[in-house]
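These numbers were taken from a predicted model, which means no experiment stands behind them. Every chain is numbered from 1, with letters handed out A, B, ... down the list of sequences.
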Number of protein chains: 2
Amino acid sequence: MATTSPHQTQSVFQALADPSRREILRLLRQGEMTAGDIAAHFDFSRASLSHHLNLLLQAELVRVRKDGQRRIYSLNTSLFEDLLGFVFRFIEGSSD
Amino acid sequence: MATTSPHQTQSVFQALADPSRREILRLLRQGEMTAGDIAAHFDFSRASLSHHLNLLLQAELVRVRKDGQRRIYSLNTSLFEDLLGFVFRFIEGSSD
DNA sequence: TAGATATTTAGCATATCATCTAAATATGGC
DNA sequence: GCCATATTTAGATGATATGCTAAATATCTA
């Protein structure tokens with residue numbers, strides 16, 4: 001696994017501090033999803049979701065690509081699978 | 001390593017979201033310290049440090065015991081060594 | 001007991017965060 | 001080009017977080 005640059009440490013921890021964002025990450029562990037698909041799992045507005053996704057992108061925890069009018073989000077697995085898998089398994093006791 | 005209860009997940013991630021608190025945890029990896037010793041490493045007031053320490057205690061990331069007028073803080077290593085050691089090593093690239 | 005030291009608690013100001021609605025941008029299909 | 005759909009951006013607002021100073025609590029020593 002690659003070691004990441006220190007400057008993004010804060011954005012990673014900050015991104016993980018919100019329960020909705022952690023839930024987004026958990027959803028994405030099952031595979032990539034459009035913004036709309038993700039939104040369907042939450043009560044808050046799409047604008048709010050977009051904001052959460054932006055923070056996750058900044059932290060490089062997720063990636064995005066365009067497919068027509070949709071944007072498809074996926075985990076940045078290189079960082080996520082190793083780190084977050086570990087975190088959820090041992091801290092939350094509820095990974096996949 | 002013991003699995004922890006889900007209810008403290010939020011307090012753990014929240015505690016880790018602040019850079020000063022992460023720095024406190026890093027300091028404590030070298031051994032237990034009094035509140036005053038910890039305070040000497042930071043610019044903010046002792047009242048603020050006390051607040052940070054409280055959040056770390058709530059998250060069960062640190063423990064405290066009394067020794068006379070001092071309070072001696074230490075890592076709750078059962079949670080910390082496994083989880084945070086991993087996090088700092090791979091995310092921050094700067095653990096020992 | 002009085003005074004000094006170590007630390008926390010209380011109360012307050014300011015900064016940051018999560019969320020909303022409304023408007024903007026981009027794409028697809030007719 | 002026009003309209004519908006998918007999503008983001010902008011701007012505002014209430015809640016939460018971080019920091020301060022002052023006061024309270026606890027312990028040690030003379």
Min side-chain heavy-atom separation A:Asp18-A:Leu55 under 4.5 Å: no

Partners passing side chain to side chain donor-acceptor pair (under 3.5 Å) against [X] (at least two apart in sequence or in another chain):
X       : value
A:His52 : A:Arg21
A:Asn54 : none
A:Ser48 : A:Ser45

Check this one for me: any side-chain N or O of B:Lys66 less than 4.0 Å away from OP1 or OP2 of D:dA26? no

Rounded distance in Å - [atom1] ([X]) to [atom2] ([N]):
X       : N      : atom1 : atom2 : value
A:Gln14 : D:dT18 : CD    : C1'   : 12 Å
A:Leu57 : D:dT7  : CG    : P     : 14 Å
B:Leu16 : D:dA17 : CG    : P     : 14 Å
B:Phe13 : C:dA18 : CZ    : P     : 15 Å
B:Phe44 : D:dT21 : CZ    : P     : 13 Å
A:Leu56 : D:dT7  : CG    : C1'   : 16 Å
A:Arg21 : C:dT19 : CZ    : P     : 8 Å
B:Asp67 : D:dT27 : CG    : C1'   : 11 Å

Show the atom names and distances, to 0.1 Å, of all donor-acceptor pairs under 3.5 Å that link a side chain in residues 62-72 of chain B to residues at least two apart or in another chain.
unit_1: B:Arg65; atom_1: NH2; unit_2: B:Glu32; atom_2: OE1; d: 2.9
unit_1: B:Arg65; atom_1: NH2; unit_2: B:Glu32; atom_2: OE2; d: 2.4

Assign B:Leu55 to base, sugar-phosphate, or nothing according to its heavy-atom contacts below 4.0 angstrom with the strands shown. sugar-phosphate

Dump the pairs, protein N or O against N or O of nucleotides 8-12 of chain C, anything under 3.5 Å, distances to one decimal.
unit_1: C:dT8; atom_1: OP1; unit_2: B:Tyr73; atom_2: OH; d: 2.3
unit_1: C:dT8; atom_1: OP2; unit_2: B:Ser50; atom_2: OG; d: 2.9
unit_1: C:dT8; atom_1: O5'; unit_2: B:Ser50; atom_2: OG; d: 3.0
unit_1: C:dT9; atom_1: OP2; unit_2: B:Asn54; atom_2: ND2; d: 3.2

Please, which pairs that meet salt bridge (charged side-chain N to carboxylate O under 4.0 Å, His left out) have at least one residue in residues 34-56 of chain B, sequence neighbours excluded? none

Return yes if some donor-acceptor pair links the side-chain N/O of B:Gln10 with the main-chain N/O of A:Ala17 below 3.5 Å, else return no. yes

Which sits closer to the 5' end of DNA chain C, A:Ala17 or A:Gly68, going by the nucleotide each is nearest to? A:Ala17

For the base of C:dT5, is there a side-chain donor-acceptor partner from B:Gln69 under 3.5 Å away? yes

